[in-house]
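Report on the following structure.
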Amino acid sequence: MNVEELSGLPPGAVSHFRDQGIEELYPPQAEAVEAGATEGDSLVAAVPTASGKTMIAALSMLSAVQRGGKALYIVPLRALASEKKAEFEAYEEFGVTAGVATGNYESTSDWLATKDIVVATSEKVDSLVRNGADWLSDLTCVVSDEVHLIDDRNRGPTLEVTLAKLRKLNPDLQTVALSATVGNADEIADWLDAELVETDWRPIDLRMGVHYGNALNFDDGSTREVPVEGSEKQEAALVRDILQEGGSSLVFVNSRRNAEAAARRLGKVASRELTPEEEDQLAELAEEIRDDSDTETSKDLADCVERGSAFHHAGLSSTQRSIVEDAFRDRLLKVISATPTLAAGVNTPARRVIVRDWRRFDPSAGGMAPLDVLEVHQMMGRAGRPGLDPYGEAVLLAKNHDESQELFDRYVWADPEPVRSKLAAEPALRTHVLATIASGFARTREGLLEFLEATLYASQSSEPGRLERVADDVLDYLERNDFIERSGGASDAGAGDGAFTSAADLAEQNDREEELEATSLGHTVSRLYLDPMSAAEIVHGLESADDRPTALGLYQLVSRTPDMYELYLRSGEDEKFGELYYEREAELLGDAPSEFEEERFEDWLAALKTGKLLEDWAEEDDEERITERYKIGPGDLRGKVDTAEWLLGAAESLAREIDSEWTVAVREARARVEHGVGDELLELVSVGGVGRKRARRLYEAGIEEPADLRNADKGVILNVLKGKKTAENILENAGREDPSMDEVEPASGDAGGTTGDSSAGDEPNANDAETAESADADESQSSLGDF
DNA sequence: CAGCCACTTGTCTAGACAGCATGTC
DNA sequence: CTAGACAAGTGGCTG
C-alpha cells in the first residue's frame, strides 16, 4: 500500500511522510490500516522491534485528530517519552500539536488539554486519572506502546488498570496496543475488543545464531568462520570480526561489573580500528563524561570511550547515558556492553548483537535463572540498522556443543512466553484498589469487583475467586489503616447498635450493597501516588515521634517504605550499620524490629544505610566520596536523592493531613536533600543560580542569607562567584537593586576566600577543607570510616 | 631475584515510575 | 537444592 492511498489523515500528513522518505507502507502497517487503524478501530499489533510500529500509532492518532479527537501515547520509560515527543513534534508542520507529560517534565494539565497528541508514561496517566484531569474524557484514541509489559510484576498492573480505566471513561475509545511478538497476542486482542495484526515480518533480515569454537552457526543453516585468537574472549572475536567490515556491535551481559569489564577489554579491540578524527572526537566525548560527574564510574567510562567502546547500565547518570547512546548511533562508538537497560530503552541498533550472558542471578530461583525468551528476543531485535546494514545478526555464545544445541532450542527456535497479568499480587492491588475507590470508579464492593472484571487478569484467570479473595484482604488492610471506610454492608451487620437482629433484618443487610468510600487521608495517598503501605509507614513513624525528628530519622523512615528501591547490605556491612544503629537509635522513628527477626532487622539496617547516604548528601559530601563509600554509580545516587525528595514531599502532605506537629521538620529535611546542603544554607540556596557549592562558598565568605547578597560588598561576592555574569545573575535573583558588576574587582573575602582567587576556580574540593563546618563533615566521615 | 602464569579464594549480582513548584556549576 | 565472572591473592616455574 502506498502512502498516497491513505485517507482520513490531516492534510499535509501524507506529504510529510513522503518528505521523510516513506513511500510504501510496510506490510504490517498496511495490515493495520486494513484492520481499521485510520477509521478508529481498536487493534493489537504484535510485530517485531523496528518494523514500523510507531507508524501504525501515528496513522491511528493522526486520523483520530483529523476527526476532531485527541490522542494519548503511553510509553513505559521517560526516555522513550522524550524520544516519541520529538518525533511527533514534527507534525506541527501540518498543524498537529504534541506535548509530553512525565513526572519530571514541566506540564500543567491545562497545557496538555490544548495538545492534539500527548505522550506520557503509564504512571503519569494513572496519576492524571487519579487527579481527575478532565481532558482525559476528550480522548478518542489511546496508544499503548510495549503493551507486553503488562507482564511486569511491578509496573504491569499500572498499565493494565490504566487502560481499563481509560476505556471505562470513554467506551468508544480506540485502543491501539503495540506489542513485541508474544505467545498470546490473541488474548490481549480479545481483552481489548481489538483486531489482531500479528507478523514476524522485519524490514531488515535478522539472522540469529550461536557462536561456539571458531564458528558462528546461523538459523538459516549458514556458517561463518569467526576464530578466537589466543586468550581473547568469544565476544572480542565477534566484535573484531564485524568491525573489520565496518559494523558496530552491542554486547548484552548480566551485571554492571561484567558490563564494565567487557567494555574495558573491548576497548582494546575497538581502538585498533579508529581513524585519527574519530580519536579526537572520542577524546572530546570522554572529557564531557568526566565533566558530568567526578566519580570513579565516570572516569572508567571516559577511559573506555577514548578507545571507542562504552558500557551502559543504570549506574550512569542520564546525561552519560544519552552521550553513549548518541555516540553509538553516530557510529563513533564501535561497541557498547550493556545490561538489559539498553534492550528496553531508546533505539540503539547495531549490525551485530551479542547476547553473552543468558542467565541472570535471581535470588528467588536460588541462583542463576535463564532469561525469558521474550527478553532475549528483545535484545536480539536490536540487530540491524534500517538503511545502514544489509542485515542484522544476533549471536548467542556457547562454550560447547551441548550448550550450542540448548541455545538453539531455548531461544533461536523458541516462541516467546505468553503475557500473564500480575494484577492479583497484593502490593499491586493495594494501590490500585485504593485509587479505584478514591477516584470514584467503584463505590461499592460489587462495583469494585465489576471493575476488576474488566481487566486482563479476569479474562485470564484460571482460578475463580482468587481476585475476589485478594481484593477482600486488601479492603481490610485499607480499612484498618484508615484509608477507606465501609458502611452499610453485611460485614458491619449488628456490630454497632446492639439492637435486635431478626432474620428479616439480616436478609435486608445482605441485599444492601456495602459502600466503600475513601477517607480524606485515603484521597491524599491516592493523589500523591504513594503505595498505601508507604503512607501507613510514614504516618505511623510521624505519629510515634515525641521529639522533633532529625533529618536522619526522616531519611531512614522514607527509605524503609516500599516506594524506595532497596540499597542492600554488602557482606560486613551489617556490622558497620549495626554499630551506627546503636549510636543513633534514638533518632529513628517507629519501632525497630528485634535483632532476632533477622530478615526484618536487615531491612531496617538497609534502610538506615540509605538514610545515612541521604544524610551524607545533605551534609555536603562530594558525589565522588558518596559513590565510593556506598559503591554505587552517579546515576544511583541521583536516583536515590530524587526518590527521597519525592517521598519527603509526600510525607509533608501526609504530615499536614494528620495535623502532625513535625510538618516543618519534614519540609526542611526535604529541602536539604533536594539541594544537598546543611540547614544553615537553605535560605541561600533558594536564590536562583545558587546551588550547594556556591552557597557553601558564599557562606564561608560571610554571606549567610539572601539579604547579605543584597548588601554585601560586590568585590567579596565576585571573589566567591568568579564569573561576573554569574554574579550579576545571582544578585538580580536575590533582588539587589544594582546587580551590575561592571568595574568591580574581586576582593579577598573575610572568612575563607584567601585561597579562593585562583583563576580557574573549578576545584570543588579546594575550599571544602577550610571552615568549621567542613571540619564537622570530616569528623563524621572519619567516624564513618571506622565502623 | 624479578616476572609471569596458573590456580585458588572471596565477593557479588538488572531495572527506575510517581507529587509539587520552578530552575545546578 | 541450583552459577559464574571478576579481582585479588598465592605459589610455582622460568630466565
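When reading the values below, keep in mind they use all heavy atoms of this one structure, side chains included, and skip hydrogens, waters and symmetry mates. Residue numbers start from 1 in every chain, and the chains themselves are labelled A, B, ... in the order their sequence lines are given, proteins ahead of strands.
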Checklist entry - Given B/dC17, is OP1 or OP2 found less than 4.0 Å from the side-chain N or O atoms of A/T102? => result no
Checklist entry - Phosphate oxygens OP1/OP2 of B/dA16: is one of them under 4.0 Å from a side-chain N or O of A/R321? => result yes
Next on the checklist: Expressed as a whole number of angstroms, how long is the span from A/D357:CG to C/dA5:P?
Outcome noted: 7 Å
Checklist entry - How close or far is atom C1' of C/dG4 from atom NZ of A/K399, stated in whole angstroms? => result 8 Å
Checklist entry - Looking at B/dA16, C/dG4, B/dA18, which one has an atom nearest to any side-chain atom of A/Y529? => result B/dA18
Checklist outcome for this item: Atom CG of A/L569 and atom C1' of B/dC12 are separated, to the nearest Å, by 14 Å
Checklist outcome for this item: Which of C/dA5, B/dA16, B/dG19 is nearest the side chain of A/R155? It is B/dA16
Checklist entry - Among B/dC17, B/dA18, C/dG4, which nucleotide sits nearest the side chain of A/M368? => result C/dG4
Item to check | Between A/E628 and A/T295, a side-chain donor and acceptor under 3.5 Å | outcome: no
Item to check | Options B/dG19, B/dG15, C/dC6, nucleotide nearest the side-chain atoms of A/R356 | outcome: C/dC6
Item to check | Phosphate OP1/OP2 of C/dA7 contacted by A/R264 side-chain N/O (<4.0 Å) | outcome: yes
Item to check | Short side-chain to backbone donor-acceptor contact, A/H377 and A/Y411, under 3.5 Å | outcome: yes
Checklist entry - A/A365 near the nucleic acid: base, sugar-phosphate alone, or nothing, with a heavy-atom cut-off under 4.0 Å? => result base
Item to check | Side-chain N or O of A/R257 closer than 4.0 Å to phosphate OP1/OP2 of B/dT11 | outcome: no
Item to check | Short side-chain N/O contact from A/T643 to OP1 or OP2 of B/dA16, under 4.0 Å | outcome: no
Checklist entry - How would you label the contact of A/G639 with the nucleic acid (heavy atoms, under 4.0 Å): base, sugar-phosphate, or nothing? => result nothing
Checklist outcome for this item: Heavy-atom nearest nucleotide on DNA chain B taken for A/V687 and for A/H312; more 5' hit belongs to A/H312
Checklist entry - Watson-Crick or G-U wobble partner for B/dA18, using a 3.5 Å limit on both distances? => result none
Checklist entry - Do A/E645 and A/E674 touch side chain to side chain, with heavy atoms closer than 4.5 Å? => result yes
Next on the checklist: Whole angstroms only, please: what is the CD1-P distance between A/I538 and B/dG19?
Outcome noted: 15 Å
Item to check | side-chain N/O A/T341 vs B/dA16 OP1/OP2, d < 4.0 Å | outcome: no
Next on the checklist: Which nucleotide, if any, forms a Watson-Crick or G-U wobble pair with B/dA2, using both distances under 3.5 Å?
Outcome noted: C/dT14
Next on the checklist: Taking the nucleotide of DNA chain C with the nearest heavy atom to each, does A/A262 or A/G367 sit closer to the 5' end?
Outcome noted: A/G367
Checklist entry - Rounded to whole angstroms, how far apart are CG on A/D642 and C1' on B/dT24? => result 14 Å
Checklist entry - So what does A/R265 hit on the nucleic acid, given a heavy-atom distance under 4.0 Å: a base, only sugar-phosphate, or nothing? => result sugar-phosphate
Next on the checklist: Applying a 4.0 Å non-hydrogen cut-off, can you work out what A/L530 is touching in the nucleic acid: base, sugar-phosphate, or nothing?
Outcome noted: nothing
Next on the checklist: I want to check one thing: is the phosphate of B/dC17, taken as OP1 and OP2, less than 4.0 Å away from some side-chain N or O of A/R78?
Outcome noted: yes
Checklist entry - Quick one: A/I74 CD1 to B/dC17 C1', roughly how many Å, whole number? => result 13 Å
Next on the checklist: Could you check whether any side-chain heavy atom of A/R360 comes within less than 4.5 Å of a side-chain heavy atom of A/P340, counting everything from C-beta outward?
Outcome noted: yes
Checklist entry - So what does A/V253 hit on the nucleic acid, given a heavy-atom distance under 4.0 Å: a base, only sugar-phosphate, or nothing? => result nothing
Checklist entry - Does the ring of A/Y565 meet both stacking tests against the six-membered base ring of B/dG15: centre distance under 5.5 Å and plane angle under 30°? => result no
Item to check | Contact check, side chains of A/L542 and A/V666, non-hydrogen atoms, under 4.5 Å | outcome: yes
Next on the checklist: Please pick, from C/dC6, B/dA14, C/dA5, the nucleotide with the shortest atom-to-atom distance to any side-chain atom of A/R360.
Outcome noted: B/dA14
Checklist entry - Considering only heavy atoms from C-beta outward, does the side chain of A/Q234 approach that of A/R356 to under 4.5 Å? => result no
Checklist outcome for this item: Testing B/dC17, B/dA14, C/dC6 for proximity to the side chain of A/R256, the answer is B/dA14
Checklist entry - Is A/N254 touching bases, backbone alone, or none of the nucleic acid, heavy atoms closer than 4.0 Å? => result sugar-phosphate
Next on the checklist: Using a heavy-atom cut-off of 4.0 Å across all strands, would you classify A/E645 as base, sugar-phosphate, or nothing?
Outcome noted: base
Next on the checklist: Strictly below 4.0 Å: does A/K124 bring a side-chain N or O up to OP1 or OP2 of B/dG19?
Outcome noted: yes
Next on the checklist: Taking 4.0 Å as the cut-off, does a side-chain nitrogen or oxygen of A/K233 come that near to OP1 or OP2 on C/dC6?
Outcome noted: yes
Item to check | Six-ring centre of A/W617, A/R672 cation under 6.0 angstrom, axis tolerance 45° | outcome: no
Next on the checklist: On the six-membered ring of A/Y529, is A/R130 placed so that its NZ or CZ lies under 6.0 angstrom from the centre and within 45° of the ring axis?
Outcome noted: yes
Item to check | Which residue lies more 5' along DNA chain B, comparing A/G315 with A/K631 via nearest heavy atoms | outcome: A/K631
Item to check | Atom pair distance, as rounded to whole Å: CG in A/L528 and C1' in B/dC17 | outcome: 15 Å
Next on the checklist: Is it true that A/D145 and A/Y73 share a donor-acceptor pair across their side chains at a distance under 3.5 Å?
Outcome noted: yes
Checklist entry - Can you tell which of B/dA16, C/dA3, C/dA7 lies closest to the side chain of A/F361? => result C/dA3
Checklist outcome for this item: Testing B/dG15, B/dC17, B/dA14 for proximity to the side chain of A/S255, the answer is B/dA14
Checklist entry - Which one is paired to C/dC6, where only Watson-Crick or G-U wobble pairs with both distances under 3.5 angstrom count? => result B/dG10
Item to check | Nearest-Å distance once atom P is located in both B/dA14 and C/dA5 | outcome: 15 Å
Checklist entry - In whole angstroms, how far is the C1' atom of B/dT24 from the CG atom of A/D292? => result 12 Å
Item to check | Side chain of A/A261 - closest among C/dC6, B/dG19, C/dG4 | outcome: C/dC6
Checklist entry - Which one is paired to B/dG23, where only Watson-Crick or G-U wobble pairs with both distances under 3.5 angstrom count? => result none
